[in-house]
**Q** 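This structure is in structure tokens; I'll ask about it shortly.
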Amino acid sequence: MNSQFARVNGNENIKLSFMRDVVQKDGKETWIAMKQTTSSQTEIVDLFVIGGGINGCGIARDAAGRGLSVVLAEMGDLAQATSSASTKLFHGGLRYLEYFEFRLVREALIEREILLRAMPHISWPMRFVLPWHPDMRFEADTRTSKLLGMAMPWMRGRRPSWLIRLGLFLYDNMGGRKILPGTRTLSLDGTPEGAPLQDRFHRAYEYSDCWVEDARLVVLNARDAEARGARIMTRTKVMSARRENDLWIVTTQEVETGTIQTHRARMLVNAGGPWVGDIIHGTIRLNSKEGVRLVRGSHIVTRRLYDHDKCYFFQGTDGRIIFAIPYEGDFTLIGTTDAEHDDPSRKPECTPEERDYLLNFANQYFRRQLTPEDVVWTYSGVRPLYDDGAQSATAATRDYTLKVDSTGGAPVLNVFGGKITTYRRLAESALEKIGQHFAGLPAPWTKGVALPGGDFPVDGVDDLVVGLRGAHPFLTEAWARRMVRAYGTDARTILSGAGTAADLGTDFGATLTEAEVVWLMDHEYARRAEDVVWRRSKLGLRLEAARVDALDDWMRARRGRATAAAE
Ligand SMILES: Cc1cc2nc3c(=O)[nH]c(=O)nc-3n(C[C@H](O)[C@H](O)[C@H](O)COP(=O)(O)OP(=O)(O)OC[C@H]3O[C@@H](n4cnc5c(N)ncnc54)[C@H](O)[C@@H]3O)c2cc1C
């Protein structure tokens, strides 16, 4: 069916158009209904945030908690881009020490435990085993490598063990650890950590960092922002924004219905991740010289490669590093790569070359030689790094840069770079800049405040699992643990009243039930099956395609019924 746009009052005050029906014909979605929608023009909000990745949602949460009125628009699902494609570590970034990124590393190290306490369900401590061998090499353009090459020319390009030990000493002591254990030296001969590795490795260092479920982190920030008054709009693309005196006039389009709305805001936040540059130059047409450098990183997933629960930190002969991490119980995650990526709209995918690079890298360490047939899944994301003019993608800074432009009237804050690990501090820094435009903004508040479901002690997961199984004896240990790890104390609400598995409604497979999907749709912005199986969970690793399709049909039908009931 056709779409129809109306112009009212000679500007884009209003708009309207079509609604996509839930029915599919010949596998294609069909536009069958027309609907006219009028957007509100009366409300002026303080902040309009573009982008529902970790940085947009983190800023929205912090701002809403300080009493600002906030609207956030995400053109797809929350965390659909970089923030669901990370290596999922709250880490200081051991390798950044070689680039002398001391500010970033220190801030990130301190954040690990602050974040762990605020979300003990989706984040947990991990031990990293770093096997050492005399062949270890530096990335040639690190500052440490250059310095060492000048002071000790015979060491040029080498990464000696004393240097690693020094780096780990700094790593242990720069960030005020209380929960995480420090570094220790480990024998690989006859130990579980040495078992999957080749015989040439005899010694390793073991240090701490943390795991985090990245996509769930984003959703929980969005939920908390909403609970504090923010409006979160998903599948809503910002088409344009222009200044009108002291306000931003922002035009959005709902991706599924085509409905266009305009919004008025006192300040704009551009947290578009890989699209930050496109938004600056295309969507809001700023005359800015700031640039973003897009660096793709890919991961491969194999069936579980070893029996213990520690990660490996492997150093390559090219000076790069990769991780091998226990993943989702039955799998191992290996990554990442660093490749230039020219266009944010080109979906990042792990190329065969990147897959082979990761396999070859891992094969320099693991006893068992991996082949492409071992790879069960891959994913890829684009790092939106601030362009600091570094030679290589690996060397480009991972620190964040916040730039405010208020030259043409209402201010806009552009967000470049950042890590999942530093999102809360990035939001605080953003609010510092935003505060210059909103007098009397309250002080920072997010440190020590739990995210939804995270209101229990760091070591309280086992107790929650036991409690859940006591209340719902039909739950297996793995099922109960999955619920606690995903939802924390909210798992009790999702399962409340269920005496049997049948009480949880339709069984979609792999312990995913109707009760959980309803929760995800009603409280966590999930609309499609892929939101549920690849971002709110990773059950896509266990569900066959037909099951995922059935889930998608069920979710569509439920949405259709809800829309009909609302009309
Ligand atoms: C391979 C890889 C591994 C990483 N590993 C780690 C790690 O282990 N630990 C760590 O701390 N960090 C890690 N990072 C870094 C971290 O993932 C990113 O810094 C972070 O996710 C960036 O978040 P963001 O919100 O800026 O961007 P994104 O998550 O990409 O969010 C931007 C959002 O803006 C939306 N958007 C864009 N344009 C519009 C528009 N016009 N209208 C509406 N919405 C729009 C997009 O759809 C997108 O969802 C990794 C990154 C990569 C790529």
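Read the numbers this way: they start at 1 and go in the same order the structure lists the ligands and their atoms. Every heavy atom of this structure was used, including side-chain atoms; hydrogens, water molecules and symmetry mates were not. Numbers here are sequence positions counted from 1.
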**Q** Picking from D278, T283, D405, N414, what satisfies side chain to side chain donor-acceptor pair (under 3.5 Å) with N270?
**A**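 The side chain to side chain donor-acceptor pair (under 3.5 Å) with N270 is passed solely by N414 among D278, T283, D405, N414.
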
**Q** Examine F102 together with Y96 and report whether their ring centres are nearer than 6.0 Å.
**A**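 F102 vs Y96: aromatic centres not under 6.0 Å.
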
**Q** Considering only protein heavy atoms, which is closest to atom 43 (C) of ligand 1, and at what distance to one decimal place?
**A**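 Scanning the protein heavy atoms, the shortest distance from atom 43 (C) of ligand 1 goes to M75 N, 3.2 Å.
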
**Q** State whether the shortest distance between N or O atoms of F90 and N or O atoms of ligand 1 falls below 3.5 angstrom.
**A** no

**Q** Tell me which protein heavy atom sits closest to atom 8 (O) of ligand 1, plus the residue, atom name and distance to 0.1 Å.
**A** L89 N, 3.1 Å

**Q** Tell me the protein heavy atom at minimum distance from atom 19 (O) of ligand 1, and give that distance in Å.
**A**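 The protein heavy atom lying closest is G418 O, 2.6 Å.
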
**Q** For residues F323 and F313, establish whether the separation of their ring centroids is below 6.0 Å.
**A** yes

**Q** With the threshold set at under 4.0 angstrom, would you say T337 reaches ligand 1 through any of its heavy atoms?
**A** no

**Q** Distance to 0.1 Å, residue and atom name: give those for the protein heavy atom nearest to atom 31 (O) of ligand 1.
**A**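 Answer for atom 31 (O) of ligand 1: G53 CA, 3.3 Å.
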
**Q** To the closest 0.5 Å, what do you measure between NE2 (H299) and OG1 (T87)?
**A**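 Those atoms lie 3.0 Å apart.
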
**Q** Hey, is NZ on K237 packed in by over 12 heavy atoms from elsewhere, all under 6.0 Å?
**A**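 For K237, atom NZ is not crowded (no more than 12 foreign heavy atoms under 6.0 Å).
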
**Q** Could you tell me the residue and atom name of the protein heavy atom closest to atom 50 (C) of ligand 1, and the distance to it rounded to 0.1 Å?
**A**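 For this ligand atom, the closest protein heavy atom is S86 CB, 3.6 Å.
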
**Q** Quick check on R285: does its CZ atom have over 12 non-hydrogen neighbours (other residues, nucleotides or ligands) under 6.0 Å away?
**A** no

**Q** Can you measure from CZ (R103) to CD (E101) and round to the nearest 0.5 angstrom?
**A**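 One finds 9.0 Å between CZ of R103 and CD of E101.
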
**Q** Consider every N or O of T421 and every N or O of ligand 1, then say whether any pair is closer than 3.5 Å.
**A** yes

**Q** What is the nearest protein non-hydrogen atom to atom 40 (C) of ligand 1, stated with its residue, atom name and distance?
**A**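 The closest one turns out to be I50 CG2, 3.7 Å.
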
**Q** Can a non-hydrogen atom of H299 be found less than 4.0 Å from any atom of ligand 1?
**A**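 True for this residue.
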
